[in-house]
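Treat the numbers as computed from the prediction; the structure is a model and nothing was measured.
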Amino acid sequence: MMDPPMRKSLTRGETPVAFVQAILRAYEKRGVDPAPALQAAGIRGVDLRDPVGHVAIGPFEELAARAMRELDDEGLGWFSRPLPWGSYGMILRASLSSPTLGVALRRWCRHHNLLTGDIALTPRTLDGHAIISVHETADLGDLRPFCLVSLLRNLHGIACWLTDDRILLTEVQFPFAAPPYAEAFRRMFPGRIGFDAPQAGIVFDAAWLRLPILRDDEALRQMLQNPIHLMARIYRQDRPLSRQVEGLLIRAASAAEPDAGAIAGQLGISVRSLQRGLMEEGTSLLELKARTRRLRAAELLRRRELPIKRVAHLAGYRNESSFSRAFRRWTGQSPAEFRRQDTADWPMARDGG
């Protein structure tokens with residue numbers, strides 16, 4: 001068998017024609033002529049019959065946005081019933097009040113499962129990893145690859161945006177053979193790409209689940225003016241130094257907090273620059289450590305198998321009484337009251353499935 005012809009490598013500002021073909025297929029399924037949308041998006045002079053050809057990312061994003069509005073389907077024909085324009089904004093808004101990324105993603109998946117019965121998103125943790133799997137309960141047809149890659153890009157983009165952090169992925173899995181345009185997948189996800197997997201999903205360090213949610217309704221309103229960026233591009237964080245430091249503290253593997261020297265080293269700056277930068281932002285390393293201690297205490301309380309006395313020790317307190325006083329000062333609740341009220345745990349996998 002002859003090798004396929006060599007093609008120009010995909011650049012960071014391009015996307016495969018195969019993704020354009022998938023959007024055109026959505027128009028076809030609805031009986032709508034895509035020509036005006038193609039013209040308005042500026043997609044011209046490209047062989048749209050060649051799935052491994054390339055189009056610029058800007059016109060592709062414009063075409064996708066127009067298609068979602070014109071077809072009134074943010075799923076672009078993936079599912080047996082459309083997802084009306086505004087569906088993804090609605091379920092994202094429901095996650096904004098979450099205290100941490102883990103709670104936000106669990107809520108996002110639960111609400112997405114209410115929108116369609118064709119797939120089910122299942123979040124769980126296993127061996128220190130967070131896993132979100134896509135269980136297909138209906139035949140997604142010829143739009144299956146575009147559906148799954150778009151869905152996982154959306155999930156990853158949302159997680160990054162909610163925390164304003166560039167979350168690293170351990171692995172991204174797809175349940176089909178590597179397509180001729182597989183290079184595009186590797187540019188869309190910051191992690192190892194696996195094909196021919198049992199099901200689609202993303203895997204990342206469970207420590208990221210502890211990151212606090214930094215966005216609010218106003219930030220959401222601004223983002224929804226151009227939401228396609230979250231699906232089509234790798235997230236570029238725009239947060240100040242204090243948020244970077246907070247992220248490092250939250251992701252620390254244990255209650256032992258890194259000191260200023262260790263944090264400055266990870267950020268590639270001097271301790272003096274670290275202290276000056278935090279002061280200019282109206283905070284300090286001491287204040288950020290206190291905040292992350294509170295977040296860590298709440299996370300430990302969600303692990304219901306841990307006695308509160310053990311939680312107090314892991315949170316850095318000498319005894320349960322001092323921990324309880326501090327926790328009530330932070331939240332207005334005792335640790336036991338918080339634990340009874342909270343239902344934010346991710347399911348723990350009992351096996352490898």
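The aromatic rings of Phe19 and Tyr181 lie perpendicular to each other, with more than 60° between the two planes, well past the 30° mark. By the 30° and 60° cut-offs, the orientation of the rings of Phe338 relative to Phe327 is perpendicular. By the 30° and 60° cut-offs, the orientation of the rings of Phe174 relative to Phe185 is perpendicular.
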Which is it for Glu74 and Ser87 under the side chain to side chain donor-acceptor pair (under 3.5 Å) test, yes or no, and what are the steps along the way? CA-CA 7 Å; Glu74 293 189 341; Ser87 296; 4.7 Å; no

Report the C-alpha distance between Ile213 and Thr100 in whole Å, list the side-chain angles of each, state the deciding distance to 0.1 Å, and finish with yes or no for side-chain contact (heavy atoms from CB on, under 4.5 Å). CA-CA 5 Å; Ile213 300 305; Thr100 64; 5.8 Å; no

Output, in order, the C-alpha distance, side-chain angles, deciding distance and verdict of side-chain contact (heavy atoms from CB on, under 4.5 Å) for Leu115 and Phe79. CA-CA 10 Å; Leu115 294 179; Phe79 306 124; over 6 Å; no

Yes or no on side chain to side chain donor-acceptor pair (under 3.5 Å) for Arg124 and Ser133, after CA distance, side-chain angles and deciding distance? CA-CA 8 Å; Arg124 70 188 194 278; Ser133 301; 3.0 Å; yes

Taking it one step at a time, do His135 and Gln199 satisfy side-chain contact (heavy atoms from CB on, under 4.5 Å)? CA-CA 7 Å; His135 299 268; Gln199 58 195 19; 3.3 Å; yes

When you look at Leu114 and Ile91, which way does the side-chain contact (heavy atoms from CB on, under 4.5 Å) test go after all the steps? CA-CA 10 Å; Leu114 296 175; Ile91 62 175; over 6 Å; no

Stepwise salt bridge (Lys or Arg N to Asp or Glu O under 4.0 Å) test for Arg25 and Glu28: CA-CA 5 Å; Arg25 175 69 178 124; Glu28 180 184 336; 3.3 Å; yes

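You'll find the side chain of Arg328 stays beyond 4.5 Å of the side chain of Gln333, heavy atoms only. Taking 4.5 Å as the limit, every side-chain heavy atom of Thr163 sits out of range of all side-chain heavy atoms of Arg215. At a threshold of 4.5 Å between non-hydrogen side-chain atoms, the residues Val149 and Met188 count as touching. Ile119 is not listed as a side-chain neighbour of Trp78, based on a closest heavy-atom distance of 4.5 Å or more. Looking at Pro51 and Gln21, their side chains come closer than 4.5 Å, going by heavy atoms from C-beta outward. Here the side chains of Arg44 and Leu38 are not in contact, with every heavy-atom distance at 4.5 Å or above. Within the 4.5 Å cutoff, the side chain of Thr122 has no heavy atoms near those of the Ile131 side chain. Within the 4.5 Å cutoff, no side-chain heavy atoms of His156 are placed close to those of Leu152.
Residues Phe195 and Pro179 share a closest heavy-atom pair of CE2-CD, 3.7 Å. A pairwise comparison of heavy atoms in Ser284 and Leu278 identifies C-CD1, 4.1 Å as the closest pair. For Glu246 against Pro212, the heavy-atom pair with the smallest separation is OE1-CG, 3.7 Å. Scanning both residues, Leu162 and Ala104, for their nearest heavy atoms gives CD1-CB, 3.9 Å. Here the closest non-hydrogen pair linking Glu62 and Ala41 is CG-CA, 3.7 Å. The nearest pair of heavy atoms linking Leu155 to Cys109 is CD2-SG, 4.5 Å.
In this structure, the side chain of Asn319 engages the main chain of Ser322 through a donor-acceptor pair within 3.5 Å. Looking at Glu337, its side chain does come within 3.5 Å of a backbone N or O of Ser334 through a donor-acceptor pair. Although no hydrogens or angles enter the test, the distance criterion places a donor-acceptor pair under 3.5 Å between the side chain of Arg30 and the main chain of Leu71. No donor-acceptor pair closer than 3.5 Å links the side chain of Asp72 to the backbone N or O of Pro84. Looking only at distances, no side-chain donor or acceptor of Ser150 sits under 3.5 Å from a matching main-chain atom of Cys147. Proximity of a side-chain donor or acceptor of Asn113 to a complementary backbone N or O of Leu121 within less than 3.5 Å is detected. In this structure a side-chain-to-backbone donor-acceptor pair under 3.5 Å is present from Arg304 to Arg339. Not one N or O on the side chain of Ser273 forms a donor-acceptor pair closer than 3.5 Å with the backbone of Ile269. Judged by distance alone, the side chain of Thr116 and the main-chain N or O of Asp118 form a donor-acceptor pair under 3.5 Å. Distance alone, capped at 3.5 Å, is enough to place a donor-acceptor pair between the Lys289 side chain and the Pro258 backbone.
Shown here is Leu286, whose CG atom has no more than 12 heavy atoms of other residues, nucleotides or ligands within 6.0 Å. The environment of CD in Gln39 is sparse: at most 12 heavy-atom neighbours from other residues, nucleotides or ligands sit within 6.0 Å.
Leu168 and Leu101 fall within a single hydrophobic cluster, where Ile, Leu, Val, Met, Phe, Trp and Tyr side chains are chained together by heavy-atom contacts under 4.5 Å. No continuous path of hydrophobic side-chain contacts links Leu285 to Met279 [ILVMFWY only; heavy atoms under 4.5 Å]. Note on Ile308: it clusters hydrophobically with Leu306, by side-chain heavy-atom contacts below 4.5 Å among ILVMFWY residues. Cluster membership for Val271 and Val245, using ILVMFWY side-chain heavy atoms within less than 4.5 angstrom, is not shared.
Note: Ser324 OG to Arg329 CZ = 11.5 Å, rounded to the nearest 0.5 Å. Interatomic distance, CG of Leu105 versus CD1 of Ile158, reported as 8.5 Å (0.5 Å rounding). Note that CG of Leu48 is 11.0 Å distant from CD1 of Ile23, once rounded to the nearest 0.5 Å. Summarising the geometry, atom CZ belonging to Arg66 is positioned 13.5 Å from atom CD belonging to Glu61; distances are rounded to the nearest 0.5 Å. With rounding to the nearest 0.5 angstrom, the CD atom of Glu14 is 9.5 Å from the CD atom of Glu183. In this structure, CG in Leu76 is found 10.0 Å from NZ in Lys29, a value given to the nearest 0.5 Å.
In this structure, a donor-acceptor pair under 3.5 Å is absent between the side chains of Arg187 and Thr15.
A salt bridge does not link Glu320 with Lys309: none of the charged nitrogens is closer than 4.0 Å to a carboxylate oxygen.
Taking the six-membered ring for Trp, His112 and Tyr88 have ring centres closer than 6.0 Å.
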